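Just so you know, these numbers come straight off a predicted model, no measurement behind them.
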Amino acid sequence: MNSGIISSRYATALLKRVTETGRGQQVCDQVEQLLENPEVLIQKLEPDLKSFVEVISKNGRQEYLKLALNSFVRKYYESAGIKMALLTTASPAPGLEEKLSALIHEKMGCSVKMKTKVDPNLIGGFTFVVDDLLLDASVSRQIDLIRRELIEKTNRIV
């Protein structure tokens with residue numbers, strides 16, 4: 001059976017369970033902590049998460065646990081009307097995160113859970129990804145565009 005289907009079914013079951021119990025945000029927060037740092041064992045798992053892990057273990061599906069947890073996080077945020085976003089900047093840019101969150105809220109009518117990271121390879125500017133949308137306002141992208149344009153013009157001359 002396809003690992004994507006298996007993990008999606010387990011994630012859907014966990015989402016249904018936490019929706020019924022009303023502990024979705026707590027379980028989602030704990031799942032994100034586990035995914036970010038799997039070596040650190042959380043002393044007290046949420047009851048829903050604990051029973052979920054026990055069911056996966058009982059069914060011999062431990063290899064699908066990480067995929068199922070990632071799928072759960074996506075499904076939870078989708079059900080809550082929250083978009084996942086990634087902001088990558090060349091250097092720390094205070095205030096940019098709030099401006100982009102406000103823009104997404106205004107244009108898409110939803111809230112945003114944003115992760116940020118710094119990548120000096122961008123040289124300057126930022127990249128911003130929400131769902132399948134990419135806003136690339138980086139200097140490295142502009143340099144790449146200029147390089148391609150020069151190569152294209154040079155090939156026409158020769």
Side-chain angles (χ1 to χ4, degrees), residues 2-19 21-42 45-46 48-49 52-53 63-156:
N2 187 340
S3 62
I5 293 171
I6 293 170
S7 60
S8 180
R9 287 181 181 168
Y10 277 104
T12 302
L14 179 58
L15 178 63
K16 184 177 179 183
R17 176 67 182 156
V18 298
T19 302
T21 61
R23 291 190 296 255
Q25 187 61 54
Q26 296 92 329
V27 171
C28 189
D29 291 343
Q30 202 167 50
V31 167
E32 286 181 323
Q33 290 174 357
L34 284 171
L35 289 171
E36 285 178 19
N37 194 359
E39 290 81 30
V40 175
L41 294 175
I42 297 175
L45 289 176
E46 288 287 328
D48 296 332
L49 185 55
F52 174 75
V53 172
E63 68 267 18
Y64 302 110
L65 180 61
K66 187 172 181 179
L67 288 172
L69 292 176
N70 277 314
S71 183
F72 165 75
V73 170
R74 279 193 311 275
K75 288 175 184 281
Y76 174 76
Y77 284 128
E78 184 180 312
S79 72
I82 300 170
K83 299 280 187 189
M84 298 293 293
L86 174 63
L87 173 63
T88 307
T89 57
S91 62
L96 181 60
E97 187 175 339
E98 292 80 22
K99 288 178 184 178
L100 289 172
S101 292
L103 179 69
I104 293 299
H105 183 68
E106 177 185 321
K107 298 292 182 185
M108 297 178 136
C110 60
S111 55
V112 177
K113 170 131 173 119
M114 193 175 314
K115 291 185 179 183
T116 60
K117 70 178 188 178
V118 175
D119 182 5
N121 292 328
L122 293 180
I123 303 171
F126 65 91
T127 62
F128 184 63
V129 180
V130 178
D131 289 339
D132 294 334
L133 303 172
L134 167 67
L135 172 60
D136 192 340
S138 64
V139 172
S140 63
R141 173 72 175 151
Q142 297 300 317
I143 290 172
D144 188 48
L145 289 173
I146 292 169
R147 181 182 306 118
R148 288 180 188 199
E149 188 176 312
L150 288 173
I151 290 171
E152 192 175 296
K153 285 182 181 182
T154 304
N155 286 340
R156 279 191 235 148

Query raised in the report: So, Q25 and D29: side-chain donor and acceptor under 3.5 Å apart, yes or no?
Result: yes
Exercise answer: donor-acceptor pairs, residues 132-147 side-chain atoms, under 3.5 Å, sequence neighbours excluded:
from, atom 1, to, atom 2, distance (Å)
D136, OD1, S138, N, 3.1
D136, OD1, S138, OG, 2.6
S138, OG, S140, OG, 3.4
S138, OG, R141, N, 3.2
D144, OD1, R147, NH1, 3.3
D144, OD2, R148, NE, 3.3
D144, OD2, R148, NH2, 3.3

Please tabulate, for side-chain N and O atoms in residues 80-109, each donor-acceptor pair with protein atoms closer than 3.5 Å (sequence neighbours left out).
from, atom 1, to, atom 2, distance (Å)
K83, NZ, D131, OD2, 2.8
T89, OG1, S91, O, 2.9
E98, OE1, G95, N, 3.3
S101, OG, E97, O, 3.0
H105, ND1, C110, O, 3.2

Query raised in the report: Sequence neighbours excluded, which residues qualify as side-chain hydrogen bond (donor to acceptor under 3.5 Å, both in side chains) partners of T116?
Result: none
Query raised in the report: Which heavy-atom pair separates C28 from F72 by the least distance, and what is that distance?
Result: CA-CE2, 3.8 Å
Report task. Applying side-chain hydrogen bond (donor to acceptor under 3.5 Å, both in side chains), name anything that partners T19, two or more places apart in sequence or on another chain. Result -> none
Query raised in the report: F126 and L122: which non-hydrogen atoms are nearest, and at how many Å?
Result: CA-CD1, 4.2 Å
Report summary line: Heavy-atom nearest pair, T154 first then L150, reads OG1-O, 2.7 Å
Query raised in the report: Looking at CD of E36 and CG of L34, how far apart are the two atoms once the value is rounded to the nearest 0.5 Å?
Result: 10.0 Å
Query raised in the report: So do L67 and I6 actually touch side chain to side chain, heavy atoms under 4.5 Å?
Result: no
Query raised in the report: Got a sec, which pairs hit salt bridge (Lys or Arg N to Asp or Glu O under 4.0 Å) with one end in residues 108-125, sequence neighbours left out?
Result: E32-K113
Requested in this report: Among residues two or more places apart or on two chains, list those pairs meeting side chain to side chain donor-acceptor pair (under 3.5 Å) that have a residue in residues 65-74.
Outcome: none
**Report entry** Counterpart residues, side-chain contact (heavy atoms from CB on, under 4.5 Å), relative to Q26 (two or more places apart)
**Finding:** R23, E46
Query raised in the report: Would a 4.5 Å heavy-atom cut-off, applied to side chains only, mark D48 and F52 as touching?
Result: no
Query raised in the report: Excluding sequence neighbours, so at least two apart, what forms side-chain hydrogen bond (donor to acceptor under 3.5 Å, both in side chains) with E78?
Result: none
Report summary line: One should read off an interatomic distance between S3 OG and Y64 OH, to the nearest 0.5 angstrom, of 6.0 Å
Requested in this report: Please lay out, stage by stage, how T21 and V27 fare under the test side chain to side chain contact (heavy atoms under 4.5 Å, CB included).
Outcome: CA-CA 11 Å; T21 61; V27 171; over 6 Å; no
